[in-house]
Peer 1: 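Sharing a structure with you now.
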Amino acid sequence: MWAERLLLPCRARLRLLPPRRWRRGEAGAMRLQTPQFQALFTPGLRSVAELFEKKNYELRIAGGAVRDLLSGMTPQDVDFATTATPAEMKEMFTSAGVRLINNKGEKHGTITARLHEQNFEITTLRIDVVTDGRHAEVEFTTDWEKDAERRDLTVNSMFLGLDGMLYDFFNGYEDLKNKKIRFVGKASARIQEDYLRILRYFRFYGRIAEKPDDHEPTTLEAIKENAKGLAGISGERIWVELKKILLGNHVNHLVRLLYELDVAQYIGLPLNGSLEELDRVTKNIQNLCPKPMTVLTSLFKVKDDVTNLDLRLKISKEEKNLGLFLVKHRQELTKAVGPEPLRPYQDFIMDSREANTNSKIMELLKYQGEEHLLKELQEWTVPSFPVSGHDLRKMGVSSGKEIGTALQQLREEWKKSGYHMDKEELLSCLKK
């Protein structure tokens with residue numbers, strides 16, 4: 001039985017076959033043999049697999065984890081699919097004394113089991129019975145192809161058996177190798193099941209596609225015809241996908257498509273977004289790891305654009321404040337001419353009373369493409385003003401108002417010195 005083989009040492013169980021990563025399985029299927037795949041077989045997964053094997057329930061890795069494994073990557077999250085119903089899984093795990101957590105997913109067919117300090121999210125194969133563009137009513141099935149058919153993109157529709165066998169009903173592996181992003185079946189049908197899939201298409205295009213403009217015309221037509229459906233999708237869900245698009249490849253091309261295909265107006269972007277500024281900023285930020293809001297702000301011309309985005313997408317307070325900061329200071333706060341180009345940014349940080357000003361300035365430098373100044377600022381330690389009111393009292397200054405005035409004068413002298421003057425040098429200024 002497979003469960004018995006599963007308990008053998010990993011090398012015997014999943015033998016690598018150099019120099020190839022793949023070998024042909026039965027009926028032309030591919031069988032995966034990589035270190036990333038082997039690394040999944042923790043004590044927890046071995047225990048889960050043994051339970052399913054004893055009950056003759058099929059269990060396979062599903063979706064994004066398969067895509068990542070086929071790309072030679074270690075998946076961050078691993079989801080599983082099974083022919084067992086939620087009730088059957090609950091009975092099986094409960095009888096084995098396995099702890100079940102987060103029962104919110106049960107109505108959608110998902111059970112989360114915790115074994116050996118590891119969570120396993122396992123979902124029953126499903127068919128969408130009724131969809132409204134946001135949610136779906138499902139019924140359970142044992143047909144793997146039917147479940148794959150309801151998934152969004154071909155590269156996300158594959159399954160991987162725990163023996164390494166690849167189950168690919170819609171040529172997802174070929175698309176992955178060719179770096180093509182296609183919907184499963186008819187694009188319009190998949191989009192109408194969940195309009196957020198429009199943004200998921202762009203997100204995965206930016207993650208996988210090699211060329212900036214390699215779309216199937218019918219896919220773009222389906223997106224344009226169904227763009228209005230995004231008006232009914234929650235801002236929070238849209239923002240999750242949009243942030244990933246902004247940090248992916250081909251961002252300026254994909255954002256232009258959002259406008260050309262009439263998507264932008266339904267996801268909070270300004271109707272007259274500054275695409276020229278976007279092109280300039282996307283060149284500036286290459287390899288600088290900007291925050292999504294730093295990239296997106298290039299589209300905004302006025303502060304109201306940030307406010308309107310927040311009304312639609314419910315962005316965080318930190319993200320909104322960063323957008324407002326960049327719109328306000330991207331033109332007026334620039335490097336100095338001369339030997340201290342970083343000085344205006346340092347002065348701004350020192351004059352600010354906000355705790356996260358340093359972080360905002362770093363995003364501003366990324367926006368402006370000032371890579372060398374960014375590195376210099378990252379190495380700079382914000383100095384502490386060396387003089388206190390106690391020091392002035394020791395010198396005989398007793399009035400609170402006089403102390404405040406003196407401290408302000410000394411801070412100005414300290415600033416003129418480039419924050420280099422020490423306490424004795426500053427106090428000597430009062431004696432003169």
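Numbering of residues begins at 1 and proceeds along the displayed sequence.
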Peer 1: Side chain to side chain donor-acceptor pair (under 3.5 Å), that's the test. Do Asn226 and Gln192 meet it? Break it down for me.
Peer 2: CA-CA 7 Å; Asn226 291 281; Gln192 288 166 14; 3.0 Å; yes
Peer 1: Under a plain distance cut-off of 3.5 Å, with no hydrogens placed, do Tyr419 and Asp347 share a side-chain donor-acceptor pair?
Peer 2: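 Short answer, yes.
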Peer 1: Between Glu193 and Arg197, does any NZ, NE, NH1 or NH2 come within less than 4.0 Å of an OD or OE carboxylate oxygen?
Peer 2: yes
Peer 1: With no hydrogens and no angle check, just 3.5 Å: does a side-chain donor-acceptor pair link Thr357 and Glu354?
Peer 2: no
Peer 1: Would you check if Gln36 and Met73 make a side-chain contact, meaning some heavy-atom pair closer than 4.5 Å?
Peer 2: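 In short, these two side chains do not touch, never coming nearer than 4.5 Å.
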Peer 1: Do the non-hydrogen side-chain atoms of Arg256 and Asp279 ever get within less than 4.5 Å of each other?
Peer 2: yes
Peer 1: Under a 4.5 Å cut-off applied to non-hydrogen side-chain atoms, are Leu288 and Leu365 in contact?
Peer 2: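 Leu288 does not reach Leu365 side chain to side chain.
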Peer 1: For residues Ile285 and Lys366, report the shortest heavy-atom separation together with the two atoms involved.
Peer 2: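 So the two residues come closest at CG2-O, 3.4 Å.
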Peer 1: Do Asp305 and Val327 come close enough that some side-chain heavy atom pair is under 4.5 Å?
Peer 2: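 No, too far: nothing below the 4.5 Å cut-off.
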Peer 1: Drop me the distance from Glu145's CD to Leu125's CG, to the nearest 0.5 angstrom.
Peer 2: 12.0 Å
Peer 1: I'd like to check Ile198 versus Leu230 (side-chain heavy atoms, cut-off strictly below 4.5 Å). Are they in contact?
Peer 2: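 Result yes, sub-4.5 Å side-chain heavy-atom pair found.
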Peer 1: Does the pair Asp262/Lys228 count as a salt bridge with the N-to-O cut at 4.0 Å?
Peer 2: no
Peer 1: Got a second to check how far Leu326's CG is from Arg330's CZ, nearest 0.5 Å?
Peer 2: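 One gets 8.0 Å once the value is rounded to the nearest 0.5 Å.
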Peer 1: Are a donor atom and an acceptor atom from the side chains of Asp391 and Ser388 found within less than 3.5 Å of each other?
Peer 2: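 Indeed, the side chains of Asp391 and Ser388 share at least one donor-acceptor pair under 3.5 Å.
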Peer 1: Is the closest basic N to carboxylate O distance between Glu241 and Arg203 below 4.0 Å?
Peer 2: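 Between Arg203 and Glu241 there is a salt bridge, with a charged N closer than 4.0 Å to a carboxylate O.
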Peer 1: With a 6.0 Å cut-off on ring centres, are Trp144 and Tyr167 close enough?
Peer 2: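 Distance test on ring centres: not under 6.0 Å, no.
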Peer 1: Does the side chain of Ser47 come under 3.5 Å of the side chain of His116 through a donor N or O and an acceptor N or O?
Peer 2: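 Short answer, yes.
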Peer 1: Centre-to-centre under 6.0 Å for Tyr266 and Tyr259, is that the case here?
Peer 2: no
Peer 1: Could you tell me if Arg114 and Asn119 have a donor-acceptor pair between their side chains, going purely by distance under 3.5 Å?
Peer 2: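 There is such a pair between these side chains.
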Peer 1: Nearest 0.5 Å please: distance from the CD atom of Gln346 over to the CD atom of Glu340.
Peer 2: 7.5 Å
Peer 1: Would you indicate whether the side-chain heavy atoms of Leu309 and Leu269 approach each other to under 4.5 Å?
Peer 2: yes
Peer 1: Would you call Thr282 and Gln286 a side-chain contact if the rule is heavy atoms closer than 4.5 Å?
Peer 2: no
Peer 1: Could Lys243 and Glu319 be called an ion pair, given the rule that one side-chain N must be under 4.0 Å from one carboxylate O?
Peer 2: yes
Peer 1: Locate the shortest heavy-atom distance separating Gly161 from Phe37; write the atom from each residue and the value.
Peer 2: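 That would be O-CZ, 3.8 Å.
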Peer 1: Apply ring-ring contact (aromatic ring centres under 6.0 Å, His included) to Tyr201 and Tyr195, showing your working.
Peer 2: CA-CA 10 Å; Tyr201 171 84; Tyr195 291 103; over 10 Å; no
Peer 1: For atom CD of Gln76, is the number of surrounding heavy atoms from other residues, nucleotides or ligands below 6.0 Å larger than 12?
Peer 2: no
Peer 1: Rounded to the nearest 0.5 Å, what separates atom CD1 in Ile245 from atom CZ in Phe202?
Peer 2: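 It comes to 7.0 Å.
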Peer 1: Is the count of non-hydrogen atoms from other residues, nucleotides or ligands lying under 6.0 Å from Glu318 atom CD greater than 12?
Peer 2: no
Peer 1: Between the side chains of Glu236 and Arg312, is the shortest nitrogen-to-carboxylate-oxygen separation below 4.0 Å, so that they form an ion pair?
Peer 2: no
Peer 1: For the residue pair Val251 and Val295, what are the closest heavy atoms and their distance?
Peer 2: CG2-CG1, 4.4 Å
Peer 1: Answer with yes or no whether the side chains of Arg207 and Asn249 bring together a donor and an acceptor at under 3.5 Å.
Peer 2: no
Peer 1: Given Asn358 and Tyr345, is the side chain to side chain donor-acceptor pair (under 3.5 Å) satisfied, shown in steps?
Peer 2: CA-CA 9 Å; Asn358 200 314; Tyr345 303 97; over 6 Å; no
Peer 1: Examine the side chains of Thr42 and Gln118 and answer whether a donor and an acceptor come within less than 3.5 Å of each other.
Peer 2: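 Side-chain D/A pair, Thr42 to Gln118: present.
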Peer 1: May I ask you to say whether Glu88 pairs ionically with Lys55, meaning some side-chain N is under 4.0 Å from a carboxylate O?
Peer 2: no
Peer 1: If you measure from CG on Asn284 to OG1 on Thr294, what distance do you get to the nearest 0.5 Å?
Peer 2: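 Result: 12.0 Å between the selected atoms.
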Peer 1: Under 4.0 Å between a Lys/Arg side-chain N and an Asp/Glu carboxylate O for Asp310 and Lys320?
Peer 2: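 Yes, this pair counts.
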Peer 1: Looking only at atom types and distance, does a side-chain atom of Lys301 sit under 3.5 Å from a main-chain N or O of Asn272, one as donor and one as acceptor?
Peer 2: yes
Peer 1: Is it true that Glu363 and Lys360 make a salt bridge, defined as a side-chain N closer than 4.0 Å to a carboxylate O?
Peer 2: no
Peer 1: Could you give the distance from CG (Leu364) to NE2 (His329), rounded to the nearest 0.5 Å?
Peer 2: 8.5 Å
Peer 1: Of all the heavy-atom pairs spanning Ser359 and Lys291, show the shortest one and how long it is.
Peer 2: OG-NZ, 3.4 Å
Peer 1: Is Glu221 paired with Lys224 through a side-chain N to carboxylate O contact shorter than 4.0 Å?
Peer 2: no
Peer 1: Is there side-chain contact between Thr112 and Leu100, with at least one heavy-atom pair below 4.5 Å?
Peer 2: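 Thr112 vs Leu100: side chains apart.
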Peer 1: Nearest heavy-atom pair of Ala49 and Leu59: which atoms, and what distance?
Peer 2: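 Shortest heavy-atom separation between Ala49 and Leu59 comes out as CA-CD2, 4.4 Å.
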Peer 1: What are the two closest non-hydrogen atoms of Phe159 and Ala148, and how far apart are they?
Peer 2: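 Heavy atoms of Phe159 and Ala148 come nearest at CE1-CB, 3.8 Å.
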Peer 1: So, Glu91 and Ser95: side-chain donor and acceptor under 3.5 Å apart, yes or no?
Peer 2: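 Their side chains do contain a donor-acceptor pair, which is all the 3.5 Å distance test asks for.
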